[in-house]
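Worksheet: one structure, shown below.
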Amino acid sequence: MAEERKWGMVVDIDRCTGCQACVIACQTENNILMSSEDIVQQKRAMVWIRIERYWEGEYPNIKARFIPVLCQHCENAPCEPVCPVYATYHNNEGLNVQVYNRCVGTRYCANNCPYHARVFNYWERHTAAPHMQVYPADARAAEPMNEYLNPDVTVRTKGLMEKCTFCLQRIRRVSRQATVEGRAIADGEVQPACVQSCPTGALVFGDLRDARSQVSKLAGDQRAYHLLEDLGTRPAVTYLKKVDPNARATSPSH
Amino acid sequence: MVVLLAALAGAQVVAAQLGGAPDQPIGFTHLTHATTLQIDCTFCHRNVTKGSTASVPAVQQCMFCHAVVTGQTPLTQQEIAKVRDAFQNQLPIDWVRVHRVPDHVRFIHEAHYTGLRARNPGISTQNLCATCHGDVASTIKVGQVRQLRMGDCVACHRANNAPTDCTTCHK
């Protein structure tokens, strides 16, 4: 297959209200294990997209700001070369892919990821001996939560590295549909769960190779920057943030 | 075609290791329907050209013919009566599933049907389906004839110049 597309996302921080709708949508779409309080306290919570909070200004003129952080699908991904079993690689659509069947759980990739986008699954779903289930789809979560699982996404077991896939299952569904109908994928037709759920439209997803797509236009915005740009990872996720030229410089210790 | 049939003949031996052909609740024979009556596979397995599952026909679909066709021998009359009873009592028929790929595989029948058609112009539907399912049309009870493991899939994908990116099949 020729390199036709390069999927990318734009996150407009000026629009983000920190409502966490994307986090919940992602969790539901991708069968991510629901992290209970004790799991979070052990710092082993399962999230593929998280909202990072920071403060702007000094009290009383202080503002809460939010950055949604997800896998950046870096072109120069630090996670990829360290995998000893080639379980993570870059595919021809610009996605950083995690192959669960290959993953042996060394966690090197998570160590090498500067964005903390990868999560290791320390948890087993409450099934009767799940590793004995040849087809875990039949009994993969305790009642009644077995009903919520998305059949288009694998239920991962303990001991695997997981991360954002840009809702690969949705990309696949739309591209197959487009192939059947003999047409190209329209801009905005593929929407990952986080993008779909964002009430303020802070997240935009699309093809970065298509110069007319909304995501390409926004990625060229004046406000655009990348997370930890100086590391040279070349992320596919672009952030937009207006920097106030009149703002007082914050102290370096901040 | 000869090569394909020879390969399938070899695969038939494996079938017993793959669980063979399970007993079904009704003595349905593909031999009668697909070979003697020459009904196209897609007439009953309608979704095969449209979606991911091939789909087992609804009982109502059996009644397209069996509302009239009641069978010629005592044995067939007995089996066809089961279908008619199921329809009248509005009960589904509990067919035993023969083919199943693991949970982490995304298999789309439509893509394979379309792809194989495009690569083999003029192929009959029976021969097309036989690529993976074996010569179902001349069997009484259906069993699994191919491994349908990843190596099997990848070998065929390579031979047919189909995509081999992991995300094509793994979800």
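Each chain gets a letter, A, B and so on, in the order the sequences are listed, and its residues count up from 1.
A cation-pi geometry, defined here as NZ or CZ lying under 6.0 Å from the six-membered ring centre and within 45° of its normal, holds between B:Arg46 and B:Phe43.
In this structure, chain A has a heavy atom under 4.5 Å from the side chain of B:Thr114, while its backbone stays farther away. For A:Asn91, the parts lying under 4.5 angstrom from a heavy atom of chain B are both the backbone and the side chain.
Taking 4.5 Å as the heavy-atom cut-off, the residues of residues 174-186 of chain A that approach chain B are A:Arg176, A:Val180, ordered by number.
In this pair, A:His73 and A:Phe166 present their aromatic rings parallel. The plane angle is below 30°, not in the 30 to 60° band. Using cut-offs of 30° and 60° for the angle between ring planes, the B:His109 and B:His133 rings count as parallel.
When the ring pair (Phe, Tyr, Trp, His ring centres under 6.0 Å) test is applied to B:His30, the partners found at least two apart in sequence or on another chain are B:Phe28.
Contact check on A:Asp152 versus B:Arg106 returns no salt bridge, with no Lys/Arg side-chain nitrogen under 4.0 Å from an Asp/Glu carboxylate oxygen. The existence of a salt bridge linking A:Arg209 and A:Asp207 is excluded, since no basic side-chain nitrogen approaches an acidic carboxylate oxygen closer than 4.0 Å.
To the nearest 0.5 Å, atom CG of residue A:Leu70 and atom CZ of residue A:Arg50 are 9.0 Å apart.
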